[in-house]
Amino acid sequence: MRRKIVAGNWKMNKTFQEADELINEIIDGLDEANQKNVNVVICPPFTFLEMTTDYAQESDYAVGAQNVSSFDTGAYTGEVSARILHSMGVEYCIIGHSERRSHFKETDSELTQKAELLLKNDILPIFCCGELLPDRESGKHFDIVKQQLDKALFGLDPLDFAKIIIAYEPVWAIGTGKTASPEQAQEMHAFIRSLISEKYGKEIAKNTSILYGGSCNAENAKVLFSNPDVDGGLIGGACLKAADFLKIIDSF
Ligand code: 13P
């Protein structure tokens with residue numbers, strides 16, 4: 001079902017003590033806030049997942065991981081499997097973030113494996129896609145996003161695809177303060193929905209949540225979220241301050 005979602009991607013930020021403080025500030029704010037049926041997802045580093053899922057029992061948010069292994073189980077030193085995440089109460093997982101594609105050379109086929117393993121373990125993938133600045137400047141942004149979806153996700157069967165959440169994150173907007181304009185976001189989100197409709201039909205397309213990410217903050221979230229095809233945000237920098245994250249949640 002199509003849902004409004006605000007997910008905070010903490011990336012590699014906060015110490016254990018700082019994480020504890022931030023989660024508690026968010027919880028205090030969520031208790032007071034009218035969430036307007038917004039699904040709030042907190043995606044801390046792996047090491048804080050246990051604390052975050054523990055606190056989630058007393059509050060109204062879900063927990064997401066920022067990554068998962070493309071292997072199922074066994075001798076993969078340093079990896080964390082979907083099965084492990086599920087056993088810790090993790091309900092969502094970001095895959096295909098541009099930082100992982102660029103720094104860790106993640107491939108489309110690895111992303112397919114990750115999506116399949118997550119779904120097998122009842123975790124909802126938040127699949128990131130988005131173009132680099134030269135792609136946009138040369139007018140290739142639609143082709144790039146189409147390719148990312150085609151290669152990593154469009155081999156999934158319809159029942160599996162129906163559980164995927166898409167996050168459109170233009171790489172030139174991530175951490176730069178240069179947000180996509182509401183028109184650029186709406187145009188790309190509508191394009192993504194049309195691709196899903198062509199591949200999986202209108203019903204699945206209508207029910208897919210498509211989030212925007214890239215310098216989304218407490219000031220611009222309202223206008224971005226007011227677009228018909230923008231179902232929420234995947235927030236980086238602005239989710240590291242409770243007041244900003246709460247204001248974004250309250251932007252619908
Ligand atoms: P910023 O909000 O810091 O631009 O990061 C967006 C992002 O990458 C979320 O996954």
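Computed from a prediction, not measured in an experiment: that's the story for all the values here. We count ligands from 1, going down the list as the structure has it; atoms in each ligand are counted the same way. If you read the sequence from its start, that first residue is 1, and numbering goes on from there.
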Has the side chain of [X] got a donor or acceptor atom that lies under 3.5 Å from a matching backbone atom of [Y]?
X	Y	answer
D231	L211	no
R100	Q66	no
Y61	A56	yes

| Is there a donor in the side chain of D28 and an acceptor in the side chain of N24, or the other way round, less than 3.5 Å apart? |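 No, N24 and D28 have no side-chain donor paired with an acceptor closer than 3.5 Å.
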
Any N or O on [X] sitting closer than 3.5 Å to an N or O of ligand 1?
X	value
G236	yes
H97	yes
G175	yes

| said: Taking only non-hydrogen atoms of A238, do any sit less than 4.0 angstrom from ligand 1? | reply: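 No, A238 has no heavy atoms under 4.0 Å from ligand 1.
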
| Would you call G213 a ligand 1 contact, heavy-atom distance under 4.0 Å? |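 It does not, in that no heavy atom of G213 comes within the 4.0 Å cut-off of ligand 1.
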
| Out of K140, H141, R136, which one pairs with E131 under the side-chain hydrogen bond (donor to acceptor under 3.5 Å, both in side chains) rule? |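 Going through K140, H141, R136 one by one, the side-chain hydrogen bond (donor to acceptor under 3.5 Å, both in side chains) with E131 is satisfied by R136 alone.
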
| said: Does only the side chain of I174 get under 4.0 Å from ligand 1, or the backbone, or both, or neither? Count heavy atoms. | reply: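 Looking at I174 and ligand 1, atoms from backbone and side chain both fall under 4.0 Å.
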
| query | Any idea which part of C239 is under 4.0 Å from ligand 1, heavy-atom wise: side chain, backbone, both or neither? | reply |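 None of C239 does.
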
Identify, for [atom], the protein heavy atom at the shortest distance, and state residue, atom and that distance.
atom	value
atom 7 (C) of ligand 1	E169 OE2, 3.2 Å
atom 5 (O) of ligand 1	K11 NZ, 3.3 Å
atom 3 (O) of ligand 1	G237 N, 2.8 Å

Pairs under 3.5 angstrom only: tabulate donor-acceptor contacts from the side chains of residues 151-167 to other protein residues two or more places apart or in another chain.
from: D157; atom 1: OD1; to: L159; atom 2: N; distance (Å): 3.2
from: D157; atom 1: OD1; to: D160; atom 2: N; distance (Å): 3.0

| said: Which residues pass the salt bridge (charged side-chain N to carboxylate O under 4.0 Å, His left out) test with K14, not counting sequence neighbours? | reply: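 Not a single residue meets the salt bridge (charged side-chain N to carboxylate O under 4.0 Å, His left out) criterion with K14.
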
